[in-house]
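The next block holds one structure in the form of structure tokens; read it before the comments.
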Amino acid sequence: MAPKQKKKSSRGKKSPKPVLAASEDMEPVNMESMGHPEIYPLVLTTKTQEIFSCRIDEDVTDEQPYKLINKEDIFEDLRNRAAVSDFHPVKKIVQEYPGNELLLVYDRDFKYGLNFYLIGTEEGKESYLNPPEVPEEQEEYKEHIPEDVYIYKLPVSKPWVSLGSEKEIEEESVTESTKQITYMISRKRSEFGAPIKFSDQNASSVKDAYIECTAYPDKNFTLKQLEKDVGMQVIPQIKDISTQTKWTYPKNATTQYYPREFSEEEKETLKQSKPLVDFLNNASISVEIALQQNEIMNTFIDDWKYLAEEEGTFGDKTDTHLKEYQSFTDLHSPTEKMITCVSWHPTIYGLIAVSVAVRLSFEDRVHFSGKLLLQPSLILFWSFSDPIHPQLMLESPDDIFCFKFCPSDPNIIAGGCINGQIVMWDITAHADRIENIKAGGGRSKRATLKPMFLLEPESNKEAMYIRHCAVSSIENGHKKVITDIHWLSDTFEINRMGSVFENRSGICCQLVTCSADCTICFWDIRPQKLLTPQTTEKKKEESIEIPFDVPSTFLHLDLSWKPLTKVRLSKGETSLDHCPTKISLNEDHLLCKTQDKMLAQSKTEKAEEMNPYHNLESGMANLLKPIDDFCTKFFVGTEEGEVIYTDWKMEKDPETGRLMSKKPVSHHTVHDGTVHTIQRSPFYNDIILTVGGWNVAIWKEGVMTGPLLQSCCAPKRYTSGHWSLTRPGVFYIGREDGYIDIWDLLEKTHEPAQSQNICITMITYIKPWIFSSKQQFIAIADYYGTLHILEIPWTLSRPSTNEMASVNHYFEREVKHLEYVEQRKKIREQEKKEMELEMAKKKVEIAVPSHRALSSKRGHHVQVPASKKREESMHKVHLGSAFQDLNENRRGKEKEAPKGRNKW
Amino acid sequence: MNEWTNTGREPDPLPSSLAGPTAPGLGEPQAEVEETLKRIQSHKGVIGTMVVNAEGIPIRTTLDNSTTVQYAGLLHHLTMKAKSTVRDIDPQNDLTFLRIRSKKHEIMVAPDKEYLLIVIQNPCE
């Protein structure tokens, strides 16, 4: 300890020495930096320690580390030893110290750097001697900082504060509740150890000999039970029981029963029994009453159902108009074009094909032919999903005026050109493209499609233009514009003679076209038996020319395709033939219905089926089964407004032996302009709608005395027409002023039920399409090349309950009426003859007839034929007439009318 | 239309059938039964007529055997059930006639102590 102390002291001396050297009067170093300004550390040498009797470990220890030193002693020391005195540095403090005694503390742990320190103030001394209790934290802090210094403090008693512990103690302590009983039993000393003698004694006789201790309830021990803890557990009762069952083999068992029946004899006897007869007599009355009730009226008819329908059909007038859905215009083509033909894609939703032609008269067309050659003639495929860009463009050598999708395969399209050629396309390679548009689901696809078109127009344009894969021979085909084209049904095929046979291929492979060159041609897409070397050469040439992307489906036909047979419609004596514009074959409507189911299979089979075609020789009639009862008659509409019903079967001219087309079965001129629509009703096979010029007519096949209905002249020319696909009594007529006339035969038969404006120019084509049972569209094409897609309202698309029957009834009545008129005609003819005869007789008999009588009779004669003529033409118009014949005619009509109206 | 007027103009079967039991000759009741059945069958829309005994065994029918057996068996059950229902509600009451209207037909059953007459009619023909 000593050397360490020395070392410390030597170090400690060093620090005050410079201070001393600097100035005597300098402020002594205090411990203000450590928060104790009153403490002045100093070094006391052993000499000084001896003088002041504060030797380390002897006078000052750990237990008593301080010493009170008299101020006078220090002054004496300072006087005696002067500068050598250890108290020299703190001389000033000592001088200024107010008290008598100074507190010197031994700094054992060198807390303040030196071995002793002096407390320079009276407060500091006081606080050191009696350390305050409150600043415990400070103490702690003190203790914390100088870890090695521990100052013992005597515990100081504090006044006791009750915090509730005394109660706990009270509760815990055990105190005697009852008083202790103290007994003192004493006995005489002499009685100890004395002999004892026991004898019997009567308990009752001696007093106090018997003490009875009777039981009594002690109040001190009557405790009331207030609470009780009871535990309980339930366990299930378990019982083990076992039985043994016998196992037997399963057996199949069957039973059969039959109804009990009487034998014939029993039945006979029963039938003769009186009870049965009586029973039947009784029962038959009530049964017959019940039967008659049902016959008179259906009691259980739901009137509400019929009422609601009536309301729906006629009540809501606001919903009868066609609503604009979308419209398509080809923005790419620089010249003005008109739409010539429209056709919905048979399978893909919202895809419609449109053929366009240049809007020029024949002269202009010839004049500009050079220019026209430069731009392609197209069929455009529009999709609902993209109103700006056509999905596909089919190229053709010249403008297409009519085209049809093949009913067996929608990827094959046949079109008729203005130059008389038939053009075939095969878009099988592009089927995926157009199908994908459909799969994309309309509008969402548009966003993705558009940028594609904009970004890579080159690649897309290439894909979009599709070259035709075959055109018919120019020499052998039509000479003028093809006005109508139809695929023949897959159920039959015809040969050169026009005879009908069963179809061998099972797919549509024949076409019929009519042209302005007065011919109707039948074509077969299968290769012909005779292929002359010349045509094959031609074919080869062509095959070199064509680009690779053209499918070879119809390569065998290209430029060498000849019609199978040609039909001319001769007018008889005159050299001029009828000029057909539209044709309607018997089975046309069936095509539409059967195609759906056919499509799926034929599409896949097509590829394989096309190959056998090439090897097939088509002219071999002996292999074919003829269909005898096939109706080969068809309707033709002509440029002059005639409707001709004729036969395509050829007959041999008995004189020359040449094949001649048959004479028309019937021939009527009802239209005052070109017939542009001739169409079978989708509901009745034998009802045909013809539109041409300024009027509309409805015909029934087999009733050839005249049209069932012929409208009076419309103010504007009719330019197109189509039956409604879902309502038998409705058809749409397009007019040259851009209006659509909607006829509803159930509502009015003398004028259209309603007219609606669609566009400002002529309507060139109308084509409705059923999308779903709830939604129907109608495509209306106009002369300015815009295709309007409109939605057909509910009232025009949904047939009323008995519409089919009602419309049929109307047609039947008209047929009867026609017959009646025909009969009347004959009767009148006869009457006229008779009257003439009579007149002749009278002339002969009466030698001198009066002038007046004669003249009046003549007048009558003149009138009758005149009135008859009008009867024919006016019976539809219901013009009032004073003539007797007409009156009769009307009466006949009225007679029939009420019956029909009842049913409606 | 014609059929209806015809049946309406035929009131004579009733007097003749009343005359039947007064002169029950051999074969006469049989003819009478046939005549009654024929008359019922001639009504508009009648599909079939059959006479069934109390146990549901057909005696006379205008339909084929399997249909008759089915109709007889099932309608016998139904009629018996209907009869017991009516009598359970009021013991003095009894079922006199049962008409079953279905989507396609109306079935009429005239019950008696010993026999059932079943007629099937298509009312909206």
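Heavy atoms only: backbone and side chains are in, while hydrogens, waters and symmetry mates are out. Computed from a prediction, not measured in an experiment: that's the story for all the values here. Note on naming: letters A, B, ... go to the chains in the order of the sequence lines (proteins, then strands), and numbering restarts at 1 for each one.
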Legend entry - Spacing of A:Asn282 atom CG and B:Thr96 atom OG1 [to the nearest 0.5 Å]: 12.0 Å
Legend entry - CA sep, side-chain torsions, deciding dist, call: A:Asn294, B:Arg101, side-chain hydrogen bond (donor to acceptor under 3.5 Å, both in side chains): CA-CA 11 Å; A:Asn294 283 340; B:Arg101 188 72 169 211; 3.1 Å; yes
Inset, instruction - Can you measure from CG (A:Asp278) to OH (B:Tyr115) and round to the nearest 0.5 angstrom? - result: 10.0 Å
Legend entry - Minimum heavy-atom distance between A:Phe262 and B:Pro58, given as atom pair plus value: CD1-O, 3.7 Å
Inset, instruction - Would you name the heavy atoms of A:Ala290 and B:Arg99 that are closest together and state the gap between them? - result: O-NH2, 3.4 Å
Legend entry - B:Glu55 portion near chain A, given a 4.5 angstrom heavy-atom threshold: both
Inset, instruction - Calculate, to the nearest 0.5 Å, the distance between atoms CG and NZ belonging to A:Leu291 and B:Lys44 respectively. - result: 12.0 Å
Inset, instruction - Heavy atoms only: give me the nearest B:Leu116-A:Phe279 pair and the separation to one decimal. - result: C-CZ, 3.5 Å
Legend entry - Proximal component of B:Val51, with respect to chain A [non-hydrogen, under 4.5 Å]: side chain
Legend entry - Side-chain heavy-atom pair A:Glu261, B:Asn65 within 4.5 angstrom cut-off: yes
Inset, instruction - Classify the side-chain pair B:His43/A:Gln292 by whether it contains a donor and acceptor separated by less than 3.5 Å. - result: no
Inset, instruction - Give the minimum heavy-atom separation between A:Val287 and B:Met108, together with the two atoms involved. - result: O-SD, 4.1 Å
Inset, instruction - Can you measure from CZ (B:Arg60) to CG (A:Leu270) and round to the nearest 0.5 angstrom? - result: 13.5 Å
Inset, instruction - For residues B:Ile40 and A:Ser284, determine if any side-chain heavy atom of one lies less than 4.5 Å from a side-chain heavy atom of the other. - result: yes
Legend entry - Over 12 foreign heavy atoms within 6.0 Å of NZ, A:Lys748: yes
Legend entry - Spacing of CD1 belonging to A:Ile289 relative to CZ belonging to B:Phe97, to within rounding of 0.5 Å: 8.5 Å
Legend entry - CD1-CD distance between B:Ile59 and A:Glu268, expressed to the nearest 0.5 angstrom: 11.5 Å
Inset, instruction - Search all heavy atoms of A:Leu280 against all heavy atoms of B:Leu37 and return the closest pair with its distance. - result: CD2-CD2, 4.4 Å
Legend entry - A:Gln293, CD: over 12 other non-hydrogen atoms inside 6.0 angstrom: yes
